[in-house]
> 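Quick one: the structure is below, and I'll ask about it shortly.
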Amino acid sequence: NFEIEKWNTDSVVNSPTNISGCALWLRADAGVLTNISGVVTNWVDQSGMGHDLTNYVGSPAVAAGALNGLPTVRFDGTSAVYSAYNFDPLVQYSVLAVARYNGPDGFGRVISSVDRNWFFGLQGSGDDRFYAEGWIHNGGRNSTNWHIHAGIINNAANPAASYWRDGTLLAANNTGSGDANYMIGRLKLGGWLLTNEYSKCDIAEVIIYDHVLSSAELDRIGGYLTA
């Protein structure tokens, strides 16, 4: 699909829903609804769970052909979309996303939350970050390169999380997250809370699972995103 980086693609799924427990699947080439002005008003969940992003702020838009001929959803630094559904019941989870900053400014949060201090992948001029009410990984720079980020976190008393960028492990069994408040809350794309840390960015795909993916499952879904 996106040909950003290669994972072990010996066994690739055709769809994220071929792995059990898919709680959200957003793809910019399906289910993106716009109004007459071209503003994205609803990003429909393709997982079958009905966790659509039905709320929007500003003017998120479809950017045709922005990534290898495929569309993305583009945020202009004053726009966002977010879910009505609260993902807090997922006390263990896995997240994968294909996204980038598009600059030259507006390096805020890209994949974040309405309710919690949580962000994934891109934040504050860094493109290697995962925070769940505590740091899991803090790194990167404010590049406009596309990345595939993947993260998992379990539901231990002191939750352990791991994090990858483009198939490279950056944090393993890190316990820096909050112990009881590390969940996602209502997912927000393009910013944080209601009016904070908006970004100029593109998002092509976001996938969430209701469990910690195994290494084989991560390879399969990573392979799907790069095949």
Side-chain angles (χ1 to χ4, degrees), residues 1-34 40-55 60 62 66-73 81-100 110-113 118 120-121 130 132 146-155 161-167 183-190 202-227:
N1 285 0
F2 301 112
E3 299 180 356
I4 297 169
E5 186 68 29
K6 292 297 181 183
W7 298 52
N8 182 346
T9 57
D10 291 341
S11 179
V12 178
V13 294
N14 295 321
S15 164
T17 56
N18 289 346
I19 295 175
S20 65
C22 187
L24 178 77
W25 177 22
L26 302 174
R27 50 186 295 185
D29 61 347
V32 180
L33 307 183
T34 61
V40 174
T41 58
N42 187 359
W43 199 344
V44 178
D45 175 18
Q46 303 298 301
S47 75
M49 298 300 294
H51 298 155
D52 306 347
L53 274 59
T54 55
N55 303 287
V62 175
L67 177 55
N68 295 332
L70 294 172
T72 67
V73 174
V81 294
Y82 60 97
S83 66
Y85 178 76
N86 189 312
F87 286 89
D88 277 1
L90 275 61
V91 294
Q92 57 177 329
Y93 54 85
S94 303
V95 184
L96 298 99
V98 180
R100 68 160 185 168
V110 174
I111 298 167
S112 193
S113 175
W118 185 95
F120 182 77
F130 186 10
W146 284 98
H147 293 299
I148 299 174
H149 294 106
I152 58 176
I153 188 166
N154 66 22
N155 60 345
S162 298
Y163 177 68
W164 294 258
R165 185 194 67 185
D166 303 330
M183 292 75 76
I184 297 169
R186 287 176 290 167
L187 183 71
K188 186 165 186 175
L189 307 181
D202 288 284
I203 299 175
E205 200 146 355
V206 179
I207 307 165
I208 298 175
Y209 289 92
D210 66 2
H211 64 285
V212 172
L213 293 175
S214 67
S215 295
E217 288 173 325
L218 281 166
D219 277 339
R220 293 174 71 198
I221 193 65
Y224 155 79
L225 289 171
T226 60

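Computation of the quantities below employed the complete heavy-atom set of this structure, encompassing side-chain atoms and omitting hydrogens, waters and symmetry-equivalent molecules. In this chain, residues are counted from 1 in sequence order.
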> Would you check if the side chain of Ser94 reaches a backbone N or O of His211 as a donor-acceptor pair within less than 3.5 Å?
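Yes: the side chain of Ser94 pairs with the backbone of His211.
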
> Would you say the side chain of Tyr209 lies within less than 4.5 Å of the side chain of Leu90, judging by non-hydrogen atoms?
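No; the side chains remain at least 4.5 Å from each other.
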
> Parallel, tilted or perpendicular: which one describes the rings of His149 and His147, with boundaries at 30° and 60°?
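Rings of His149 and His147: tilted, 30 to 60°.
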
> Nearest 0.5 Å please: distance from the OH atom of Tyr93 over to the CE atom of Met183.
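Output value for this atom pair is 8.5 Å.
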
> Quick one, Thr72 and Trp146 - any side-chain contact, counting heavy atoms below 4.5 Å?
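Thr72 vs Trp146: side chains touch.
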
> Report the distance from atom CG of Leu218 to atom CG of Leu213, rounding to the nearest 0.5 Å.
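Reported value, rounded in 0.5 Å steps: 5.0 Å.
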
> Taking side chain to side chain contact (heavy atoms under 4.5 Å, CB included) as the criterion, tell me which of Ile148, Val206, Ile203 meets it with Val98.
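For Val98, the side chain to side chain contact (heavy atoms under 4.5 Å, CB included) check succeeds only for Ile148.
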
> Can you find a pair of side-chain heavy atoms, one from Ile152 and one from Trp164, that are under 4.5 Å apart?
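Heavy-atom side-chain distance check passes, below 4.5 Å.
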
> Which heavy-atom pair separates Ala84 from Asn55 by the least distance, and what is that distance?
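Closest pair (atom of Ala84, atom of Asn55, distance): N-ND2, 3.7 Å.
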
> Do Val95 and Phe130 have side-chain heavy atoms sitting under 4.5 Å apart?
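A side-chain contact under 4.5 Å is absent here.
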
> Would you say the side chains of Ser47 and Asp45 form a donor-acceptor pair under 3.5 Å?
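Yes, because at least one side-chain N or O of Ser47 sits under 3.5 Å from a partner of the opposite role on Asp45.
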
> Among pairs that include at least one residue of residues 82-94, which meet salt bridge (Lys or Arg N to Asp or Glu O under 4.0 Å), considering only residues two or more places apart or in two chains?
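Salt bridge (Lys or Arg N to Asp or Glu O under 4.0 Å) check on residues 82-94 returns Asp88-Arg116.
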
> Rounded to the nearest 0.5 Å, what separates atom CG in Leu225 from atom CG in Leu96?
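The distance works out to 6.0 Å.
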
> Counting C-beta onward and ignoring hydrogens, is there a side-chain heavy-atom pair between Ser113 and Phe87 closer than 4.5 Å?
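No - every pair of side-chain heavy atoms lies 4.5 Å or more apart.
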
> Between atom CZ of Arg220 and atom OG of Ser214, what is the distance when rounded to the nearest 0.5 Å?
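With rounding to 0.5 Å, CZ (Arg220) is 8.5 Å from OG (Ser214).
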
> Over 60° means perpendicular and under 30° means parallel, so tell me whether Tyr85 and His51 are parallel, tilted or perpendicular.
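Parallel.
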
> For the residue pair Gln92 and Asn155, what are the closest heavy atoms and their distance?
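Here Gln92 and Asn155 meet closest at CB-N, 4.0 Å.
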
> So how far is it from Leu187 CG to Phe120 CZ, rounded to the nearest 0.5 Å?
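Answer rounded to 0.5 Å: 11.0 Å.
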
> Give me the atom names and distance for the closest heavy-atom approach of Cys22 to Pro16.
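The pair with the smallest heavy-atom distance is CB-O, 4.2 Å.
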
> What is the minimum heavy-atom distance between Pro60 and Val81, and which atoms define it?
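In this case the closest contact between Pro60 and Val81 is CG-CG1, 3.8 Å.
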
> Among Leu26, Val110, Val40, which one satisfies side chain to side chain contact (heavy atoms under 4.5 Å, CB included) with Leu189?
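Among Leu26, Val110, Val40, the one meeting side chain to side chain contact (heavy atoms under 4.5 Å, CB included) with Leu189 is Leu26.
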
> If you take all heavy atoms of Val73 and Ala28, which pair is closest and at what distance?
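Smallest heavy-atom distance, with atoms named: N-CB, 3.9 Å.
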
> Going from CG on Asp52 to CG on Leu24, what distance comes out if it is rounded to the nearest 0.5 angstrom?
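That separation rounds to 9.0 Å.
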
> Mind checking salt bridge (charged side-chain N to carboxylate O under 4.0 Å, His left out) for Asp202 and listing every partner two or more places apart, or none if nothing turns up?
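Arg74, Arg100.
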
> Could you tell me which residues satisfy side-chain hydrogen bond (donor to acceptor under 3.5 Å, both in side chains) with Trp43, sequence neighbours excluded, listed by chain and number?
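Listed in chain order: nothing, the list is empty.
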
> For the residue pair Thr17 and Ser15, what are the closest heavy atoms and their distance?
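Heavy-atom minimum between the residues: OG1-OG, 2.7 Å.
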
